[in-house]
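In what follows, a single structure is set out as structure tokens and then discussed.
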Amino acid sequence: MAHILITSGPTRQYLDPVRYLTNASSGRMGKALAEAALHLGHQVTVVSGPVEVVYPREARVIHVLTTLEMMDAATEIFANADGLIGAAAPCDYMPKKVEASKLSKTGNGLQLELIETPDIVATLGANKQPRQWVVGFALETDDVRFRAIVKMSKKCCDMIVSNRAEAMNAATNSVEIIYKDGRVLEQIDGPKSEVAHGILRWIEQCLINA
Ligand code: C5P
């Protein structure tokens, strides 16, 4: 039995108390991965941004809003976990300054200065212990497999799940599961639950029981 940390859903980056940047991630892939991991008898902790999906009761769920909050929670949980599946879509940018009061319209438009957020998978991947493993996701529109392999290496992942933009907020997914040695382990097309079971089967075979 492994303790698996799953990051899931989008994050939010507030500009002021009422406005924020986010993306269309639904948390469905994270939910399906949690269900598949629990089904195989693993312990699951989900660190999730704001989503409507309901995670399985048997999973411990930590709710966060921003990418920095997701990073802090994931870092703390990962210290006592065997592996991470980074299925979240954290915002890559945050406003340099968050206004304490609601911004008022001036008639002149608004210039935002954004700075990059830290990459959770890359940070945990770079600092993982030899006993730990990290699985990332790569969502691409062009050169899908090549870019996924580059991302896997840059983020120190042991395996990467490559998918396309159509996966966002959808019930189905079409993925390639790629191992760190460059092998395409499997191509799966289907409901996210089927994709999740396939991913967990390979994680067990190559990373947990290896
Ligand atoms: O670079 P890109 O966002 O396509 O990488 C996707 C992978 O990186 C996913 O596993 C996602 O969860 C992770 N990621 C992250 N922290 C970020 C951005 C992406 O963990 N700030």
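For ligands, and for the atoms within them, numbers begin at 1 and follow the listed sequence.
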Atom 13 (C) of ligand 1: closest protein heavy atom, distance to 0.1 Å, is Val121 CG2, 3.7 Å
Point-to-point distance, once rounded to the nearest 0.5 Å, from CZ of Arg12 to CG of Leu21: 11.5 Å
Check each of Met152, Lys128, Gln132 against Asp158 using the side-chain contact (heavy atoms from CB on, under 4.5 Å) test, and report the only one that passes. Lys128
Quick one: nearest non-hydrogen protein atom to atom 12 (O) of ligand 1, plus distance? Ala88 O, 2.7 Å
Heavy atom of the protein closest to atom 9 (C) of ligand 1 (residue, atom name, distance): Phe137 O, 3.2 Å
Sole candidate of Ile178, Ile85, Ile177 that passes side-chain contact (heavy atoms from CB on, under 4.5 Å) when paired with Met159: Ile177
Option of least heavy-atom distance to atom 19 (C) of ligand 1 (set: Ile120, Asp119, Thr11): Asp119
Has Met70 got any heavy atom lying under 4.0 angstrom from an atom of ligand 1? no
The one among Cys91, Cys157, Gly125, Pro90 that brings a heavy atom closest to atom 17 (C) of ligand 1: Pro90
Any side-chain donor near an acceptor of the partner, His197 and Glu35, under 3.5 Å: no
Subset of ligand 1 atoms that lie under 4.0 Å from at least one heavy atom of Asp92: 17 (C), 18 (C), 21 (N)
Got a donor-acceptor contact below 3.5 angstrom from the Ser162 side chain to the Ala138 backbone? no
Among side-chain atoms of Tyr14 and Thr66, is any donor-acceptor pair under 3.5 angstrom? no
Crowding at CZ, Arg57 (>12 non-hydrogen neighbours, <6.0 Å): no
Check each atom of ligand 1 against the heavy atoms of Gly136 and keep those under 4.0 Å away; list them by number with element. 10 (O)
Looking only at protein heavy atoms, identify the closest one to atom 10 (O) of ligand 1 and say how far it is in Å. Gly86 O, 2.6 Å
Heavy-atom closest contact (Val195 atom, Gly190 atom, distance): CG2-O, 3.8 Å
Compute the shortest N/O to N/O distance between Ala87 and ligand 1 and return yes if it is under 3.5 Å, no if not. no
Ala138, any N or O under 3.5 Å of ligand 1 N or O: no
Any nitrogen or oxygen of Lys155 lying under 3.5 Å from a nitrogen or oxygen in ligand 1? Just yes or no. yes
When distances are taken from atom 4 (O) of ligand 1, the protein heavy atom at minimum range is Lys151 NZ, 2.5 Å
Tyr93 vs Thr117, side chain to side chain donor-acceptor pair (under 3.5 Å): CA-CA, chis, key distance, verdict: CA-CA 5 Å; Tyr93 298 96; Thr117 56; over 6 Å; no
Check this for me - ligand 1, Pro118, N or O atoms closer than 3.5 angstrom, yes or no? yes
